Amino acid sequence: MSGVDCNEVLQRLWTYLDGEADETICHDLEVHVQECLHCRQHADFEVKLRKLVQSKCRGERAPQQLRADLARLLSSLP
Amino acid sequence: MGACTVSPEHPHVAVTSEDRARFEALVNEHLDSLYGSALRLTRNRTAAEDLIQDTFLKAWRSFRTFQTGTNARAWLYKILMNAYIDSYRKSSRAPELVDHEDVGDFYLYAKAQESDEYRKAGDPEEILLSKIMDADVKSALEQVPEPFRAAVILADLEEFSYREIAGILDIPIGTVMSRLYRGRRHLQRLLWDYAKRAGYVNGEQSNASSSTSP
């Protein structure tokens, strides 16, 4: 079993899922999340939620008019 | 070493067509994602377009100091965020920082687990996610107050690292983390409200469907 308990894992879960957890503890977190159903369910939910928010809030396209305005603006600049 | 090196004492070297071409390539590559972020930040198409024009104007002016090979996306986002914060400060808008009581990190997960209705129906987390799928997630995100919304947009939508966000916003990494986590907690609470409103097809909430019938 890994050297971290559920409290520590949940406290650092966002940092871990962001790929920002400290190297010294990263492996322990990974092992724990794999082995512990309770923490894995938390992690899975957060990952799915993040993907859902991305799918709903990304993918905007700049309007053609803005593109044209920008091109005109930039070509007029010294 | 090469002929292209611009010495700082001579900043007014004429702009070459190569410079323009390189800059245009940057615009084309990053415009959509910058525009998307501008929209989520300003919550308004006209304001977003103004912000984008301002951003690229400023970017062009300091393009000479930008070194090819460094992170162009982070550089453009730094200019965008500075322009956004400037325009935000200038406007007489009331400060958004109305912070409600804070909730825990896993608010939505906890809410799904607590819900008898979801538990009876099977997999509570999946049911909640499908309700959020039907909700207006963009509006929920746009309701997250600043400065927390910017941190969520940069991390969760644009997937910048904590270090990059610290550079873009000129704040310490610890502040990035506290804004981001606070922003996520806000967002989860808002998503819960939006999901509840979006999800009612059965009459579980009696007042939701009992509007005036003739």
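Fair warning: this is a prediction, and the values are worked out from it, not measured in the lab. Each chain gets a letter, A, B and so on, in the order its sequence line appears, and its residues count up from 1.
Inter-residue side-chain proximity for B:I132 and A:L52 is flagged as met; some heavy-atom pair is nearer than 4.5 Å. A:L70 places a side-chain heavy atom less than 4.5 Å from the side chain of B:I52. B:L191 places a side-chain heavy atom less than 4.5 Å from the side chain of A:L49. With a 4.5 Å cut-off on side-chain heavy atoms, B:I173 and A:E20 do not count as touching. Within the 4.5 Å cutoff, side-chain heavy atoms of B:N28 are placed close to those of A:R67. Contact check for A:L66 versus B:Q53: side-chain heavy atoms found under the 4.5 Å cut-off. Counting only heavy atoms from C-beta outward, the side chains of B:E159 and A:R50 never approach each other to under 4.5 Å. The shortest side-chain heavy-atom distance between A:W14 and B:L180 does not fall under the 4.5 Å cut-off.
Neither the backbone nor the side chain of A:Q65 comes within contact range of chain B; no heavy atoms are under 4.5 Å apart. Looking at B:R45, the atoms closer than 4.5 Å to chain A (heavy atoms on both sides) all sit in the side chain, from C-beta outward. Of the two parts of A:L13, only the side chain, counted from C-beta on, holds a non-hydrogen atom closer than 4.5 Å to a non-hydrogen atom of chain B. Residue contact with chain A, scored on non-hydrogen atoms closer than 4.5 Å, involves the backbone and the side chain of B:L157 alike. The contact between A:L73 and chain B is made entirely by side chain atoms (from C-beta outward), counting heavy-atom distances below 4.5 Å. Using a 4.5 Å cut-off between heavy atoms, B:I153 makes no contact with chain A at all. Heavy-atom distances place no part of B:L34 under 4.5 Å from chain A, backbone and side chain included. With a 4.5 angstrom heavy-atom cutoff, B:A59 does not touch chain A via any of its atoms. Proximity to chain A (any heavy atom under 4.5 Å) is shown, for B:Q113, by neither the backbone nor the side chain. Heavy-atom distances place the side chain of B:V27, and not its backbone, under 4.5 Å from chain A. Neither the backbone nor the side chain of B:E24 comes within contact range of chain A, judged by heavy atoms closer than 4.5 Å.
Qualifying side-chain hydrogen bond (donor to acceptor under 3.5 Å, both in side chains) partners for B:K58, counting only residues two or more places apart in sequence or in other chains: B:D54.
Although no hydrogens or angles enter the test, the distance criterion places a donor-acceptor pair under 3.5 Å between the side chain of A:K56 and the main chain of B:M133. Side-chain N or O atoms of A:R58 include none that pairs as donor or acceptor with a backbone N or O of B:S33 at under 3.5 Å. A donor-acceptor pair under 3.5 Å is absent between the side-chain atoms of B:D32 and the main chain of A:R61, judged by distance alone. A:Q54 contributes a side-chain N or O that, together with a main-chain N or O of B:D156, makes up a donor-acceptor pair within less than 3.5 Å.
Residue A:R40 places its CZ atom among more than 12 non-hydrogen atoms of other residues, nucleotides or ligands, all under 6.0 Å distant.
The distance from the CG atom of A:D69 to the CD atom of B:E49 is 7.5 Å, given to the nearest 0.5 Å. Considering CE of B:M177 and CG of A:D18, their distance stands at 8.5 Å, rounded to 0.5 Å. Note that the CG atom of B:L128 and the NZ atom of A:K48 stand 11.5 Å from one another [nearest 0.5 Å].
When all heavy atoms of B:Y35 and A:A62 are compared, the closest pair comes out as CD2-CA, 3.6 Å. Taking each heavy atom of B:Y162 and A:T15 in turn, the nearest pair found is OH-CA, 3.6 Å. The nearest pair of heavy atoms linking B:Y109 to A:H38 is OH-O, 4.5 Å.
With chain A as the partner, the residue from B:W60, B:Y181, B:F56 showing the most heavy-atom pairs under 4.5 Å is B:Y181.
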